[in-house]
Enquirer: 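Can you read through this structure? Questions will come right after.
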Amino acid sequence: MGIDDTLNKEQAEAVRCTEGPLLILAGAGSGKTRVLTYRVAWLMTEREVQPWNILAITFTNKAAGEMRERVDKIAGAQAASVWVSTFHSLCVRILRRYIGALGYDTRFTIYDADDQKNLMKQICRKKEIDTKVFKEKMFLGNISRAKDELISPEEYEMNAGSDFTQKKIEEIYYEYEKQLKLNNALDFDDLILKTVRLFEKNPEILDNYQERFRYIMVDEYQDTNTAQFRLVSLLASKYKNLCVVGDDDQSIYRFRGANIRNILNFEKEYPGARVIKLEQNYRSTEMILGAANEVIHNNKGRKDKSLWTDNGRGEAVSYRQFGTAYEEAEFVAGDIAMSVRNSERDYNDNAILYRTNAQSRLFEEKFIAANIPYKIVGGVNFYARREIKDLLAYLKTIENGVDDLAVQRIINVPRRGIGQTTILKVQSYADSHEISFYDAILEARLIPGIGRGLSKIEKFGELIQKLRRESDTLDVPGLLAEVIEVTGYVIELEAEGTDEAKARIENIDELKSKAVSYAEAHSGEEATLGGFLEEIALVADIDSLDNDQDYVALMTLHSAKGLEFPYVYMAGMEDGMFPSYMAISSDDRTELEEERRLCYVGITRAKKRLTMTGARCRMVNGQQQYNPTSRFVKEIPEEYLAEDVDVSREPTPEPPSAKYRQKMNEFRRKPYAAPKPYEKQEPKTLKGVGLEYGVGDRVAHKKFGEGTVTNINDMGRDYEVTVDFVGHGVKKMFAAFAKLRKVE
DNA sequence: CTCCCCACTCTTTTT
DNA sequence: GAGTGGGGAG
């Protein structure tokens, strides 16, 4: 079977082009995973490249797993030694071997967002920083961005100048790094950063990997950040057989440091690079693709391309606006329930995509009521749950005794009567003797003024020591069971007897079975405690999405990237939700463009039918918000958007007939202006009078001059109006005080 | 030392 | 609306 029979011309070309730098611009649904897998097979069979000389990097474990599976299928057993890995797990594997060269212990722990926040909290306390003025999140955000850009604390210091805030960040950055090192821990960004540093400082180690990975492929290249870019450059610089696949229109991770220039400047960075465009879409219908093309066309500064398909016209994209988010969710649940009942679809043919995780709640409620099986991807990560983190902290403490954060988490969990005063005494003893918190516990009797706490502390220390000894003989599931046993963790929850406690016990049972399946998957000498902890640290929630199970998938638009579903619902299509309020009010136009790319990603997930929904009114942060239809909906021309909405299965009292159509046409005619204010239709005005202006209207303020209303919040007794003033920026004000006047 | 209640913030998006 | 952190009582 030749590749020309199964691939189109461009795809086949991309497979054959194995030597030198290659950029594959792969539009949504253009079969890039197919190309990548065939390329791996081609390298091995036609070019006789050894499988272990091939490295394929993806973004998520799920993508890596899928690729692995498909490579195995077409290339057989020899493919097993091809490295298919995420950036993070690749780096961890390298660091576990060589991080000693950077002065860390190879048993380092990996800090997740929660751990980072805890550490930062401690640092702020220590540095006596008022976290009302400087928020932990602000520090972490800046540090993370610096790390993504490979900026060390020293370099940060040089750039900080005399700016007060910058100086503070610099100071905290130093301390944060110091603490991580003391705890023998790395955060997510460090995994990439330290690997880059390792290679830069140790040419012989780099050379070793350059020899090893002679052919490198990177998926989702548009989402790489500077550190990842550098890592790839280093690895590829010797043989230059680098194939990157990406789509600049699907770059949606700038907030995480993704640098779109990595893909836009690839040809400059690698002179002589081949560029192959994949523009035939095998996923969606013409209608869906047309809508997607039109929307993304509003962005500037993109590589020009236009997707096409021969999948046929298909159904138009439909848009429905509801009065409330409640009705919106009800409609979606009803729509899905109906079509499943009619055997038109299975549950897992459907996905609901939204901008923010908070939007999942209403859908969850409605799905439970309608008895629809569903799975929420993202939100609170399983491994971020308290009981799971507690038990993992025990395991971490057993594995790496210098992780103070883990020890402090569990020292009084379950309750041992060890309070804050005792902990502080241990801490200051540890600090002054420059030993870890755990080591201080072990010599607790030397701590001055420890008093009654001593026996409790000692007991805790003995407990951990005992578990450590047992860890030599027990496997991971056995050790976990032992931890649960000796701490009485589950027994305590059982005694509580609440529903919440029961849910926690269920989660613990799930953790147990994950430990068992880890042990099974790595049967043999490989199944170590460290390996288990590492696997857990690197899983994303999206990895748990199982194609074989029949449930509706609910997730954010970001999580949906790389996935496809026959029926897609994009919910919350409102200006203020999507595009987000942040993007709308930002001076930076590119923020809106990023949102638009996100919209493009959402639209192109749909294979057969795309339904967009929105609500005129919804609760956000406990406040009622009135939002106009999303500008993205308005960017879809009539020819792709459903003219008449199927009302037969719609329970709303007034079917959107001629009136509805008229309204649709009305807002479509004015491309960017918001529709007529909803407030006018709102009868109850506790405020005496309704507002004479609405979202999108031009208003005048006696101090700030003219501006445009971007949002109105019903605060109960008054309206909170957000206005974007010319020359004065965005202001929030109360309608009763502001005395805004409508300007025609 | 623990528990409970109140006030406050938060929402973009995540490996 | 929910989760967190601080303060105060027991």
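The analysis underlying the following values was restricted to heavy atoms, covering all of them including side chains, and did not include hydrogens, waters or symmetry mates. Just so it is clear: chains get the letters A, B, ... in the order the sequence lines come, proteins before strands, and each one is counted from 1.
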Enquirer: For A:Asp114 and B:dT15, give me the distance from atom CG to atom P, rounded to whole Å.
Expert: 15 Å
Enquirer: Under 4.0 Å, heavy atoms only, any strand: does A:Glu595 hit a base, just the sugar-phosphate, or nothing?
Expert: base
Enquirer: Could you pull out all residues at least two apart from A:Gln228 that satisfy side-chain hydrogen bond (donor to acceptor under 3.5 Å, both in side chains)?
Expert: none
Enquirer: Look at all strands and tell whether A:Asn412 reaches a base, only sugar-phosphate, or nothing, counting heavy atoms closer than 4.0 Å.
Expert: sugar-phosphate
Enquirer: Report yes if a side-chain nitrogen or oxygen of A:Lys135 is closer than 4.0 Å to either non-bridging phosphate oxygen (OP1 or OP2) of B:dT9; otherwise report no.
Expert: no
Enquirer: Under 4.0 Å from OP1 or OP2 of B:dC1: is there any side-chain N or O of A:Thr421 that close?
Expert: yes
Enquirer: A:Ile457 CD1 to B:dC1 C1': how many Å, rounded?
Expert: 13 Å
Enquirer: Does some side-chain heavy atom of A:Asp223 sit less than 4.5 Å from a side-chain heavy atom of A:Ser251?
Expert: yes
Enquirer: Is the distance between the ring centroids of A:Phe199 and A:Tyr209 under 6.0 Å?
Expert: yes
Enquirer: Using OP1 and OP2 only, check whether a side-chain N or O of A:Ser580 sits under 4.0 Å from B:dT13.
Expert: no
Enquirer: What contact category does A:Gly419 fall into here, base, sugar-phosphate, or nothing, at under 4.0 angstrom with non-hydrogen atoms?
Expert: sugar-phosphate
Enquirer: Please check the phosphate of B:dC3 (OP1 and OP2 only) for any side-chain N or O of A:Arg415 closer than 4.0 Å.
Expert: yes
Enquirer: Does OP1 or OP2 of B:dT14 have a side-chain N or O of A:Ser559 closer than 4.0 Å?
Expert: yes
Enquirer: Heavy atoms from C-beta onward define the side chain here; which of B:dT14, B:dC10, B:dT15 lies closest to that of A:Lys137?
Expert: B:dC10
Enquirer: With a 4.5 Å heavy-atom cut-off, do A:Arg596 and A:Pro579 have their side chains touching?
Expert: no
Enquirer: Check nucleotides 2-9 of chain C against the protein and report each pair of N or O atoms closer than 3.5 Å, with its distance, or say if there are none.
Expert:
from  : atom 1 : to       : atom 2 : distance (Å)
C:dG5 : OP1    : A:Lys121 : NZ     : 2.0

Enquirer: Using the side-chain heavy atoms of A:Asn621, tell me which of these nucleotides is nearest: B:dT13, B:dT15, B:dC10.
Expert: B:dC10
Enquirer: Measure the distance between the ring centre of A:Phe255 and the centre of the six-membered base ring of B:dT12, then answer whether it is under 5.5 Å with planes under 30°.
Expert: no
Enquirer: Could you please name the option among B:dC1, C:dG1, B:dT13 that lies closest to any side-chain atom of A:Thr422?
Expert: B:dC1
Enquirer: Would you indicate, yes or no, if B:dT15 has its OP1 or OP2 atom less than 4.0 angstrom from a side-chain nitrogen or oxygen of A:Asn225?
Expert: no
Enquirer: Regarding A:Asp403 and A:Tyr111, is there a side-chain donor-to-acceptor distance under 3.5 Å anywhere?
Expert: yes
Enquirer: With a non-hydrogen cut-off below 4.0 angstrom, is A:Ile418 in contact with a base, only sugar-phosphate, or nothing?
Expert: sugar-phosphate
Enquirer: Picking from B:dT13, B:dT12, B:dT15, which would you name as closest to the side chain of A:Met582?
Expert: B:dT12
Enquirer: Using salt bridge (Lys or Arg N to Asp or Glu O under 4.0 Å) as the criterion, point out the one residue from A:Arg597, A:Lys561, A:Arg302 that pairs with A:Asp249.
Expert: A:Arg302
